[in-house]
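Here the structure is laid out as structure tokens; the discussion comes afterwards.
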Number of protein chains: 2
Amino acid sequence: MAFVNQNPILQSLIAEQLVSDPASARGRLLNEAARLFRDKGYERTTVRDLAAAVGIQSGSLFHHFRTKEEILKAVMVETIRLNTALMQAAADQADSAREKLRALIRAELESINGQTGEAMAVLVYEWRSLSESSQAEVLELRDIYEDLWLSTLQQLSKEHQLGADPFITRRMLTGALSWTVTWYRPERGGLTLDGLTDQVMAMLGLDQC
Amino acid sequence: MAFVNQNPILQSLIAEQLVSDPASARGRLLNEAARLFRDKGYERTTVRDLAAAVGIQSGSLFHHFRTKEEILKAVMVETIRLNTALMQAAADQADSAREKLRALIRAELESINGQTGEAMAVLVYEWRSLSESSQAEVLELRDIYEDLWLSTLQQLSKEHQLGADPFITRRMLTGALSWTVTWYRPERGGLTLDGLTDQVMAMLGLDQC
DNA sequence: TTACAAACCAAGCGCTTGCTTGGTATTGTC
DNA sequence: GACAATACCAAGCAAGCGCTTGGTTTGTAA
């Protein structure tokens, strides 16, 4: 195999069976599904597309998943699980609230524009394609994720370092950061991930105090 | 008719045939289409849904539009035309660059969360459903719209009132403002449109200097 | 070697989709 | 009141959709 993922956080989640191993049949399918869902949208992606992407027949998909929607849900659930763990780890390493926020922003930008980027985009854009009951499930997981942000932003607000309301700031950041997936292309020179993080902090007036 | 739209900007665009009269058959269809496309997504909305929404048979749609995609494109094109005009008018009334930016933010929030909100959401979320040639057409119109923002932000940057780069600030604002459609509910009490605009300005550190 | 489950294929069913067709009301104009 | 042009209906076609089915291959363990 050309690439072995050695991220210890990912490894422990795989061990706990909370996230599929990208090397397994299920994991490979979920990765391909995320890419297809992002590129063409969930509705435009057929089960035949999904099957072809991993080299099996369309009917064989239903041996692994009961419905097409179950695939979408799995992509979303596993992505949130992974990213919550990644963000938690990033935040834990920082001391001040300001550094915590910077770590969260950097980590989220990395998730959005890095390896899990396809899945993160799916999480944002394919929300409506989930059934209501699945939406509720995913939403519950997302609340944990959001608490990480809110507690940090509330701390900053107490320290009078935040211009606007913490809740609203988070919502603005959600939109601003997820939108980067439509324009940020680090490979084409220019802005690095750290540089982009600096710009976001500067926009919030948190670069120098 | 219960509601007569007397917006002079809209009226002049209708007179120039750049935007369909909401009272006409075509205009009514485009409004309903925008609503359906936002609620269910373009792909999940069938031509039968669209036809039923205006009380005709599905086949009769194709007397007004050649394809389903042409309806999506028309929604997008007319929305950009209208909003460019609205934003231009809003910006023209302001004096300082700071006030111009505030006017632009307020106007865009109003577009996103007001009457043209459905169509604005379609513009953001249904981009991929357009054919490449249609995308190019819409993109051209959007450039005019974006120049309005950039010139204002560049002016602010010259005055050293902006923390981050103007281009990046605009992109962050695009994401942040369009995302409001997923959470901002002015009718449920709380934040008014002016209040939300204040919060955005505060986030940028532009409330008081 | 045998036994058995997991993984997969080949074929296709039933349904929905965007769109077409041929014809009929409705409307505006002189 | 004649006559187009416009707006619409009723019916349905061809294609593509998610998913099912019955059977075959592959992997594993005694």
Side-chain angles (χ1 to χ4, degrees), chain A residues 1 14 17 20-76 122 126 128-135, chain B residues 1 14 17 20-76 122 126 128-135:
Chain A
M1 191 167 48
I14 293 171
Q17 304 226 40
S20 305
D21 189 338
S24 72
R26 183 187 157 98
R28 276 210 322 283
L29 175 69
L30 290 182
N31 277 336
E32 291 298 321
R35 193 176 53 78
L36 284 166
F37 289 164
R38 187 199 55 174
D39 289 350
K40 320 195 350 173
Y42 172 77
E43 295 292 337
R44 300 170 89 89
T45 304
T46 68
V47 292
R48 288 164 181 83
D49 291 334
L50 292 167
V54 290
I56 58 173
Q57 290 296 105
S58 67
S60 308
L61 271 188
F62 296 89
H63 175 75
H64 300 278
F65 297 89
R66 267 175 309 181
T67 62
K68 182 186 169 191
E69 196 216 334
E70 202 173 284
I71 299 176
L72 176 62
K73 190 174 123 188
V75 167
M76 291 187 170
V122 171
E126 301 300 339
R128 280 172 314 188
S129 298
L130 279 185
S131 69
E132 277 194 38
S133 61
S134 299
Q135 282 189 21
Chain B
M1 191 166 47
I14 292 170
Q17 306 225 37
S20 307
D21 189 337
S24 72
R26 183 187 157 97
R28 275 211 323 282
L29 175 70
L30 289 183
N31 277 336
E32 291 298 321
R35 194 176 53 78
L36 284 166
F37 289 164
R38 188 199 55 173
D39 290 350
K40 322 195 349 175
Y42 172 77
E43 296 290 337
R44 299 171 92 88
T45 305
T46 68
V47 292
R48 286 164 182 82
D49 292 334
L50 292 167
V54 290
I56 59 174
Q57 290 296 105
S58 66
S60 308
L61 271 188
F62 296 89
H63 174 74
H64 299 278
F65 298 89
R66 266 175 311 179
T67 63
K68 183 188 169 190
E69 197 217 334
E70 201 173 288
I71 299 175
L72 176 61
K73 189 173 126 189
V75 167
M76 292 188 170
V122 170
E126 300 300 338
R128 280 172 314 189
S129 298
L130 278 185
S131 69
E132 278 196 37
S133 63
S134 298
Q135 282 190 20

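So you know, we letter chains A, B, ... as the sequences are listed, proteins then strands, and number each from 1. Note: hydrogens, waters and symmetry copies are ignored here, and every other heavy atom, side chains too, is used.
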Interatomic distance, B:His64 NE2 vs C:dC19 P [rounded to whole Å]: 15 Å
Flag, side chain of A:Tyr42 to backbone of A:Glu69, donor-acceptor distance under 3.5 Å: yes
Whole angstrom value for the distance that separates C1' of D:dC8 from CZ of B:Arg28: 13 Å
Results of side chain to side chain donor-acceptor pair (under 3.5 Å) for B:Asp49 - residues two or more places apart only: B:Lys40, B:Thr46
Atom CZ of B:Arg66 with >12 non-hydrogen neighbours under 6.0 angstrom: no
Rounded interatomic separation in angstrom, taking NZ from B:Lys68 and P from C:dT17: 9 Å
Relative orientation of the end axes in the helix from C:dT1-D:dA30 to C:dC30-D:dG1, expressed as an angle to the nearest 10° (five pairs per end): 20°
d(CZ, A:Arg66; P, D:dT20) in whole Å: 11 Å
Phosphate-side-chain proximity, A:His63 and C:dA7, N/O vs OP1/OP2 below 4.0 Å: yes
Nucleotides 21-26 of chain C: protein proximity per nucleotide (B base, S sugar-phosphate only, - neither; heavy atom, under 4.0 Å): ------
Residue pairs fulfilling ring-ring contact (aromatic ring centres under 6.0 Å, His included) with at least one residue in residues 43-67 of chain A, sequence neighbours excluded: none
Atom-pair distance (CZ on B:Phe62; P on D:dA11), nearest Å: 19 Å
Test item: B:Arg28 side-chain N/O and B:Ala53 main-chain N/O as donor-acceptor pair under 3.5 Å: no
DNA chain D contacts made by residues 33-42 of chain A, counting heavy atoms under 4.0 Å: none
Minimum-distance nucleotide to A:Gln57 side chain [options: D:dC19, C:dC19, C:dA10]: C:dA10
Nucleic acid contacts of residues 47-55 of chain A, taken as heavy-atom distances under 4.0 Å to DNA chain C: A:Arg48, A:Gly55
Salt-bridge present (B:Glu70, B:Lys73; N to O < 4.0 Å): no
Touch class at under 4.0 angstrom, heavy-atom based, for B:Ser58 against every strand present: base
Whole-Å gap separating C1' (C:dT17) and CD (B:Glu69): 16 Å
